[in-house]
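Some notes on the structure that comes next.
Counting starts at 1 for both ligands and their atoms, in listed order. Note that the coordinates shown come from a computational prediction; the quantities given were computed from them, not determined experimentally.
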Amino acid sequence: MNKLDKNKLLLSHSPMQKIQFQGRDFYLKRDDLLHPQFSGNKARKFAYLLEAELPEVKTLIGHGSVQANSLYSLAALAKLRGWQLDYYVQRIPPFLKQAVATQTAKGNYQAALKLGANIVEVKLSKGQNKEQNLDDYMRAKSHSLAEHELFIPEGGRCALAEQGIAQLASEIISDCQKHALNHPIIMLPSGTGTTAVFLQKHLPYEVLTCACVGDASYLEKQFAELQSDKTLWPRILNTEKKYHFGKLYGEFYKIWQELLEQTKIEFELLYDPLGWLSLLTYLQQTNTQQDIIYIHQGGLVGNQSMLPRYRRKWG
Ligand SMILES: *Cc1c(COP(=O)(O)O)cnc(C)c1O
């Protein structure tokens with residue numbers, strides 16, 4: 001096994017800090033500070049893979065979007081462990097290939113390439129639509145793995161994520177003791193819902209979330225695959241308006257800028273704006289005085305490609 005300085009790597013650099021935003025106090029769990037490369041939500045979900053003895057593994061097999069936070073985190077994980085990452089995508093847009101060629105590329109794709117990731121385009125076979133094609137391809141691939149290959153479901157939605165999230169839960173409990181918080185509410189935005197559902201399982205506090213990818217019923221389906229007892233699901237918050245994942249919205253950029261100005265902390269641009277908008281709506285509706293802990297789930301490398309898009313649109 002590769003020599004890893006595990007103590008220096010994980011799970012000890014995520015302080016909980018008190019911030020003020022829009023005139024209210026919040027506590028922030030700084031999972032964005034876990035490690036410069038391997039941080040946030042994906043580091044928690046893949047923590048098991050960083051720590052476990054896995055002598056037979058030489059190659060990670062992942063898939064998903066070409067600018068996904070999980071691409072970068074898997075690349076960092078592979079690098080730290082001395083493994084190869086083969087990451088399958090439907091398509092690498094020509095502008096992105098061009099940007100890499102001219103060394104102007106930024107964000108998760110570029111950062112993953114720099115870490116040595118092997119990013120493979122899956123050719124579209126006849127009569128298949130795009131999403132189905134990659135899913136079918138990966139399903140077949142996951143059933144025909146070589147002994148040295150380890151398959152990671154998209155976004156890390158799998159049971160092995162539970163260990164790292166249980167660790168996060170136990171840190172939150174001791175952070176609460178330190179800050180003398182009695183009945184806090186936990187808030188974090190969801191993609192696959194893996195983090196939220198396992199956090200709720202391991203915490204004695206209420207967990208709130210919102211659906212950034214798909215709608216609430218999609219998120220409930222994801223919960224159901226990991227937790228059959230509905231009473232243990234996190235509560236899904238709504239906003240009046242519907243948002244589509246990866247699209248740009250003026251109100252997202254606005255709240256992201258406000259957060260930066262008032263807290264001096266950079267948040268992520270895909271998940272956090274909806275997380276904060278949903279939370280503020282909830283606080284307005286319920287007028288709760290309970291302490292709120294918001295989990296900063298990292299993903300800031302993705303801002304390198306998102307921010308220029310926002311700036312082009314709104315200056
Ligand atoms: C992946 C990710 C999420 C979503 O996590 P899930 O466990 O899939 O719900 C939220 N925020 C950030 C910054 C992420 O990278």
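- Every residue two or more places apart in sequence or in another chain that forms a salt bridge (Lys or Arg N to Asp or Glu O under 4.0 Å) with K18 is listed here: D25.
- Listed by chain and number, N41, K42, K45, N69, P189, S190, G191, T192, G193, T194, T195, E268, Y271, Q297, G298 each place a non-hydrogen atom less than 4.0 angstrom from ligand 1.
- Ring geometry for F38 versus F46: interplanar angle under 30°, hence parallel rather than tilted (30 to 60°).
- Proximity of the aromatic rings of F252 and W314 is defined here by a centroid distance below 6.0 angstrom, and this criterion is not met.
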Acceptor/donor pairs from residues 299-310 side chains to any protein atom, 3.5 angstrom cut, sequence neighbours excluded:
residue	atom	partner	partner atom	Å
N303	OD1	L269	N	3.1
N303	ND2	E266	OE2	2.8
N303	ND2	F267	O	2.8
Q304	OE1	G107	N	3.1
S305	OG	G302	O	3.1
Y310	OH	Y249	N	3.3

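- Listed by chain and residue number, H63 satisfy the side chain to side chain contact (heavy atoms under 4.5 Å, CB included) test with E154 (two or more places apart in sequence, or in another chain).
- One N or O on the side chain of Q290 and one on the backbone of H183 form a donor-acceptor pair closer than 3.5 Å.
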